[in-house]
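For reference, the structure discussed in these notes is given below.
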Amino acid sequence: MTDKQWYFNTKTEQPELGMLSPSSHRMGPYKTREDALEAWKIVKERNALWAEANRKWRKWGENTPSGGRDDGFDDRDDGFDDRDD
């Protein structure tokens, strides 16, 4: 292939023309250097969103008395009367 494509090295955080770095450190291919840089920007934005969602998920329920449920039910009571009358 005579036309080299752009890749993004996730270790050095730099675009590269051609497959210079190991595949484990490389994203791409991209048509332009700018496309490679934009792809890294998108990755960083999405990772930040996912990290925030994970933080909220882990924090959810820490301050509720029923261990996470805030709907009025807990795991001990299924809402049915189990007594044999």
Side-chain angles (χ1 to χ4, degrees):
M1 183 171 164
T2 57
D3 293 318
K4 286 198 173 186
Q5 295 179 310
W6 286 91
Y7 293 84
F8 194 86
N9 183 320
T10 59
K11 191 162 183 132
T12 65
E13 298 189 10
Q14 295 297 315
E16 300 174 339
L17 185 57
M19 289 189 270
L20 304 177
S21 58
S23 61
S24 61
H25 299 156
R26 189 175 64 229
M27 294 181 354
Y30 304 99
K31 289 184 179 182
T32 66
R33 181 180 193 277
E34 290 75 23
D35 288 345
L37 287 167
E38 180 66 18
W40 186 241
K41 178 183 171 190
I42 291 169
V43 166
K44 292 187 79 107
E45 289 170 355
R46 289 181 181 167
N47 284 349
L49 290 172
W50 289 334
E52 176 64 13
N54 285 339
R55 186 192 65 74
K56 287 180 180 178
W57 177 259
R58 285 190 301 271
K59 190 172 177 138
W60 182 81
E62 284 181 358
N63 298 322
T64 56
S66 58
R69 298 192 64 162
D70 60 359
D71 56 6
F73 296 96
D74 61 27
D75 294 332
R76 296 175 305 241
D77 184 4
D78 61 7
F80 295 100
D81 185 2
D82 295 331
R83 294 178 292 173
D84 293 326
D85 294 58

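- In the hydrophobic clustering of this structure, Leu17 groups with Tyr30; members are Ile, Leu, Val, Met, Phe, Trp, Tyr whose side-chain heavy atoms approach within less than 4.5 Å, directly or through other members.
- Within the model, atoms CZ of Phe8 and CZ of Arg33 stand 9.0 Å from one another, a figure rounded to the nearest 0.5 Å.
- Within 6.0 Å of atom CZ in Arg46, 12 or fewer heavy atoms from other residues, nucleotides or ligands are found, so the atom counts as exposed in its surroundings.
- Between Trp6 and Thr32, the closest heavy-atom pair is CD1-C, 3.4 Å.
- Following chains of ILVMFWY side-chain contacts shorter than 4.5 Å, one cannot reach Leu20 starting from Met27, and the two form parts of different hydrophobic clusters.
- To the nearest 0.5 Å, the span separating NZ on Lys11 from OG on Ser21 amounts to 10.5 Å.
- With respect to Pro15, the side-chain contact (heavy atoms from CB on, under 4.5 Å) criterion is satisfied by exactly one of Leu37, Asn9, Asp35: Leu37.
- Taking every heavy atom of both residues into account, Thr10 and Glu13 meet most closely at O-CG, 3.8 Å.
- For Gly18 against Lys4, the heavy-atom pair with the smallest separation is CA-CD, 4.2 Å.
- The CG atom of Asn54 lies 5.5 Å from the CZ atom of Arg58; values are rounded to the nearest 0.5 Å.
- Considering all non-hydrogen atoms of both residues, Tyr7 and Ala36 come closest at O-CB, 4.0 Å.
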